[in-house]
Protein chains: 2
Amino acid sequence: MKLSTRGRYAVMAMADMAQQVSAGAPSPLRLGAIATRQEISLAYLEQIFSDLRRHGLVQSTRGAHGGYSLAKDATEINVSDIVLAVDEPLDVTRCRQSGACMSNHVRCLTHDLWDNLGRQIETYLQSVSLADVIAGDKVEPKIGGEHNAHLS
Amino acid sequence: MKLSTRGRYAVMAMADMAQQVSAGAPSPLRLGAIATRQEISLAYLEQIFSDLRRHGLVQSTRGAHGGYSLAKDATEINVSDIVLAVDEPLDVTRCRQSGACMSNHVRCLTHDLWDNLGRQIETYLQSVSLADVIAGDKVEPKIGGEHNAHLS
DNA sequence: TCTAATCTTGACTTATTTAGTCGGGATTGG
DNA sequence: CCAATCCCGACTAAATAAGTCAAGATTAGA
């Protein structure tokens, strides 16, 4: 699970769409408007939406008055879907598939640690839907300990 | 919290040290040996250990028969310490410190989400000590749901 | 005191990834 | 037809990460 600007842009754009829809904006939504509101280069957003469409997260309507609409309800789309759609799938390190990796134990242990971390991140992002994002749920910038509650 | 190869190397090297120590190897440990075992370029490891030393995670002994030793017990050093020592501190996005960020709600919500995610990652890595790593604790590559247990 | 082993430092180079641009093409409503 | 929009692939630029190199300082031991 890669965490790049590209992924953040995708989440921002999708959240923007969800918010527009919930505010009663007519569908489909023009990419240009999203790009302007979120201050993202249109050409770059187009690339990103190409991925989102290929992964079935949005539907496109071509031609005049065309645009994009969410393919599912905002409660049905989670952040992990979005990030995975626009960033390459995490490349599995060879170590694990190529047998037991007997030599060099520490390398594997570290590798497992990072693997596990990746899963934790994914689990968290899976637990947050677009609807949660625009509602501000599960997103509070708290410093205390309770911000893990939704992971258990 | 950045998650780069540099950070992984640092964790691998420190775990290697902890393992050597627990196997009764004489201290200090030569960087060259660590580099060989973990297949990391010596010159690159030197850079990394320079950071680790500055952050008080290892102690150096110069000259012949010199080397590095862990500054604390392996149970007292956690992975988050190591990663933060060798990768730059996470740059705070301006949005939050420069007031309320009234304009453009979605941007802030997304930002909070990523902030929160960063904290989750840090919390997890804080919960894993070097001793855990070499014991394989909290590092199991399980696919099921119980791998979150230690986060709650 | 000489020497080899080791850490120490900073500048430099190279490779990789990410972000972003550009030009053109296809489709559609009016 | 034409303007608005999605669509696509190639390209460029910027940033970051990874790695190398050369020279120096320190120390143990012969």
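Side chains included, hydrogens not; waters and symmetry mates left out as well; all remaining heavy atoms used. Reminder, nothing fancy here: chain letters follow the sequence lines and each chain counts from 1.
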Trainee: D:dG19 phosphate, OP1 or OP2: any side-chain N/O from B:Tyr9 under 4.0 angstrom?
Mentor: yes
Trainee: Which is true for B:Gly66 with a 4.0 Å heavy-atom rule: it touches a base, it touches only sugar-phosphate, or it touches nothing?
Mentor: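 Sugar-phosphate only.
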Trainee: Check the distance between D:dT5's P and A:Phe49's CZ and give it to me in whole angstrom.
Mentor: 15 Å
Trainee: Evaluate the ring planes of A:Phe49 and A:Tyr68, with Trp represented by its six-membered ring, and classify them as parallel (under 30°), tilted (30 to 60°) or perpendicular (over 60°).
Mentor: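 A:Phe49 and A:Tyr68: tilted rings.
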Trainee: Whole angstroms only, please: what is the CD-P distance between B:Glu46 and C:dG10?
Mentor: 14 Å
Trainee: Looking only at non-hydrogen atoms, find the nearest pair between A:Asp81 and A:Glu76 and report the distance.
Mentor: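 So the two residues come closest at OD2-O, 4.3 Å.
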Trainee: Give one of base, sugar-phosphate or nothing for A:Gly67, where a contact means two heavy atoms less than 4.0 Å apart.
Mentor: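 Sugar-phosphate contact only - A:Gly67 comes under 4.0 Å of backbone atoms but never of a base.
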Trainee: Would one find a side-chain N or O of B:Lys2 under 4.0 angstrom from OP1 or OP2 of D:dA17?
Mentor: yes
Trainee: Give the nucleotide from the list C:dG20, D:dT20, D:dT27 with an atom nearest to the side chain of B:Ser41.
Mentor: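 Per side-chain heavy atoms of B:Ser41, the pick is D:dT20.
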Trainee: With the side chain of A:Arg53 defined as its heavy atoms from C-beta on, choose the nearest nucleotide among C:dT9, D:dC7, D:dT20.
Mentor: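 For the A:Arg53 side chain, the nearest candidate turns out to be D:dC7.
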Trainee: Using the side-chain heavy atoms of B:Arg62, tell me which of these nucleotides is nearest: D:dA25, C:dT9, C:dA19.
Mentor: D:dA25
Trainee: Among C:dA4, C:dC7, C:dT18, which nucleotide has an atom closest to any side-chain atom of B:Ser60?
Mentor: C:dC7
Trainee: Whole angstroms only, please: what is the NE2-C1' distance between A:His65 and C:dG29?
Mentor: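 Spelled out: NE2 on A:His65 to C1' on C:dG29 is 6 Å.
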Trainee: Salt bridge (Lys or Arg N to Asp or Glu O under 4.0 Å) for A:Arg107 and B:Asp16? Distances and angles first, verdict last.
Mentor: CA-CA 8 Å; A:Arg107 280 176 78 95; B:Asp16 183 285; over 6 Å; no
Trainee: Just one of A:Gln47, A:Arg54, A:Glu46 clears the side-chain contact (heavy atoms from CB on, under 4.5 Å) bar with A:Ser50, so which one?
Mentor: A:Arg54
Trainee: What is the separation between atom CG on A:Leu31 and atom C1' on D:dC8, rounded to the nearest whole Å?
Mentor: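 For the pair A:Leu31 CG and D:dC8 C1', the rounded distance is 14 Å.
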Trainee: Can you find an N or O donor on one side and an acceptor on the other, under 3.5 Å apart, linking the side chain of A:Gln47 with the base of C:dT21?
Mentor: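 Such a pair exists between side chain and base.
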Trainee: By nearest heavy atom, map B:Tyr68 and A:Arg6 onto DNA chain C; which one lands nearer the 5' end?
Mentor: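 Upstream on the strand: B:Tyr68.
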Trainee: Just how far, in rounded Å, is P of C:dT18 from CD1 of A:Ile40?
Mentor: 17 Å
Trainee: In whole Å, I'd like the distance from the CZ atom of B:Arg8 to the C1' atom of D:dA18.
Mentor: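 Roughly 12 Å, once rounded to whole Å.
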Trainee: What's the closest nucleotide to the side chain of A:Ser4 if the choices are C:dT18, D:dA18, D:dC6?
Mentor: C:dT18
Trainee: Taking OP1 and OP2 of D:dC6, is either one under 4.0 Å from a side-chain nitrogen or oxygen of A:Ser50?
Mentor: no
Trainee: Once you round it to whole Å, what is the distance between C1' of C:dC22 and OH of A:Tyr44?
Mentor: 16 Å
Trainee: Taking atom P of D:dC7 as reference, at what distance in whole Å does atom CG of A:Leu42 sit?
Mentor: 12 Å
Trainee: Nearest to the side chain of B:Thr5 - D:dA18, C:dA4, C:dC7?
Mentor: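 So the side chain of B:Thr5 is nearest to D:dA18.
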Trainee: Would B:Ile40 and A:Leu109 show up in the same hydrophobic cluster when neighbours are defined by side-chain heavy atoms closer than 4.5 Å?
Mentor: yes
Trainee: Would you say A:Asp87 and A:Ser4 are linked by a side-chain donor-acceptor pair, where the criterion is simply a distance under 3.5 Å?
Mentor: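 The criterion, which ignores hydrogens and geometry beyond distance, is satisfied for A:Asp87 and A:Ser4.
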